[in-house]
> 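Just dropping this structure here.
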Amino acid sequence: RALALFDVALGGGHPVLAPMHLDFTTLRDNASPLLRALVGTPARRTANARGGDSTLTGRLAGMSRADQAQTMSALVQVEVAGVLGFTGGEQVRTDRSFRELGFDSLTAVELRNRLSVVTGLRLPATVVFDYPSVAALADFLLVELVGGAVPVVQEVRPGAVADEPVVIVGIGCRFPGGIASPDDLWRVVAGGEDAISAFPVNRGWDVGRLVDPGLSRPGT
């Protein structure tokens with residue numbers, strides 16, 4: 001969370017920032033009017049027969065299924081961003097698992113609580129782990145609110161990055177084929193070159209004593 005706030009500070013353009021963790025419930029109930037205005041007051045919501053927020057359910061009812069899915073995904077992104085301290089939901093990738101995004105048991109419960117408020121649904125504490133990505137969780141919430149097929153949860157795997165470079169951190173041993181640097185190793189790997197070479201003679205070894213091709217002398 002601290003690193004995320006640091007990134008926000010670098011890209012925000014404001015001369016002075018004061019990142020802080022706020023207990024919004026305490027501020028709303030006990031803080032000065034200035035701070036209460038800062039955090040806002042949650043709107044009261046009425047749950048419908050399915051347990052969902054009637055306002056949200058009504059909005060979804062007038063949309064196509066594709067628009068419903070997009071709306072729910074954006075809603076979950078916003079709440080995830082709020083839990084993680086991001087500035088906006090667009091910073092949250094829908095295909096990343098919640099564990100990859102940095103969720104633990106405490107933040108999972110916080111997200112559950114936020115989603116319970118905005119949807120009006122009674123959600124289990126394990127919902128973030130049962131539906132482990134924004135996409136999977138949004139599909140589940142959509143079914144709970146407006147009905148439809150129950151989503152099938154699949155394991156979330158990190159996506160490959162097409163332009164990610166190959167990085168050789170270091171070479172801690174000797175390689176055959178005249179390889180003496182990371183550039184040499186990359187040349188051999190990229191070119192598919194044959195790196196098999198003769199037995200090394202420049203290591204200071206007594207090859208005559210150590211090597212016995214016929215294996216007739218013990219200990220060689």
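Residue numbers start at 1 and run along the sequence shown.
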> Atom CG of Leu111 and atom CZ of Phe98: how far apart are they, to the nearest 0.5 Å?
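So the gap between those two atoms works out to 5.5 Å.
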
> Taking atom CG of Leu3 as the centre, report whether more than 12 heavy atoms of other residues, nucleotides or ligands fall under 6.0 Å from it.
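Atom CG in Leu3 is not crowded, with 12 or fewer foreign heavy atoms closer than 6.0 Å.
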
> Taking Glu110 for its side chain and Val83 for its backbone only, find out whether a donor-acceptor pair lies under 3.5 Å.
no

> Heavy atoms only: give me the nearest Leu123-Leu115 pair and the separation to one decimal.
CD1-CB, 3.8 Å

> Measure across Ser73 and Thr94 and return the closest heavy-atom pair with its distance rounded to 0.1 Å.
OG-CG2, 3.5 Å

> Closest heavy-atom contact between Leu5 and Gly85?
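That closest heavy-atom pairing would be CD2-O, 3.8 Å.
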
> Within this structure, what is the CZ-OG distance for the pair Phe103 and Ser97, rounded to the nearest 0.5 Å?
10.5 Å

> Should we say atom CZ of Phe6 is surrounded by more than 12 heavy atoms from elsewhere, each under 6.0 Å from it?
no

> Counting distance only, does the side-chain N/O of Gln91 pair as donor-acceptor with the main-chain N or O of Gly88 below 3.5 Å?
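Checking the backbone N and O of Gly88 against the side chain of Gln91, a donor-acceptor pair under 3.5 Å is found.
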
> Hydrophobic clusters here meaning ILVMFWY residues chained together by side-chain heavy-atom distances under 4.5 Å, can you tell me if Val118 and Val76 are in one?
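In one cluster with Val118: Val76, yes.
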
> One pair to check against side chain to side chain contact (heavy atoms under 4.5 Å, CB included): Ser133 and Asp95. What are the steps and the verdict?
CA-CA 6 Å; Ser133 71; Asp95 60 340; over 6 Å; no

> Does Ser64 use its side chain to pair, donor to acceptor, with the backbone of Asp67 at less than 3.5 Å?
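Flag set: sc Ser64 to bb Asp67 pair under 3.5 Å.
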
> How many angstroms lie between OG1 in Thr57 and CG in Leu142, if you round to the nearest 0.5 Å?
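Rounded to the nearest 0.5 Å, the OG1-CG separation comes to 10.0 Å.
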
> Checking side chain to side chain contact (heavy atoms under 4.5 Å, CB included) against Val146, which of Leu56, Leu141, Leu60 comes through?
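Running side chain to side chain contact (heavy atoms under 4.5 Å, CB included) over Leu56, Leu141, Leu60 with Val146 returns exactly one hit, Leu60.
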
> Closest heavy-atom contact between Leu101 and Arg93?
CD1-O, 4.5 Å

> Count the heavy atoms of every other residue, nucleotide or ligand shown that sit under 6.0 Å from CZ of Arg99, and state whether that count exceeds 12.
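Incorrect, the count does not exceed 12.
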
> Could you check Thr119 against Glu144 for side chain to side chain contact (heavy atoms under 4.5 Å, CB included), going step by step and ending with a plain yes or no?
CA-CA 10 Å; Thr119 65; Glu144 290 295 301; over 6 Å; no

> In this structure, are over 12 heavy atoms from other groups packed under 6.0 Å from Gln70 atom CD?
no

> Starting at CE of Met63, measure out to OG1 of Thr71 and round the result to the nearest 0.5 Å.
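It is 3.5 Å, given to the nearest 0.5 Å.
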
> Working to the nearest 0.5 Å, report the span between CZ of Arg112 and CG of Asp130.
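The distance works out to 11.5 Å.
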
> Taking a hydrophobic cluster as the set of Ile, Leu, Val, Met, Phe, Trp and Tyr residues connected by side-chain heavy atoms closer than 4.5 Å, whether directly or through intermediates, do Val109 and Val80 fall within one such cluster?
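No, Val109 and Val80 fall in different hydrophobic clusters.
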
> Between Phe140 and Tyr131, how do the two ring planes meet: parallel, tilted or perpendicular, split at 30° and 60°?
parallel

> If you take all heavy atoms of Phe129 and Asp104, which pair is closest and at what distance?
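Looking at all heavy atoms of both residues, the closest pair is CZ-O, 4.1 Å.
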
> Got a second to check how far Gln68's CD is from Leu145's CG, nearest 0.5 Å?
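Result: 9.5 Å between the selected atoms.
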
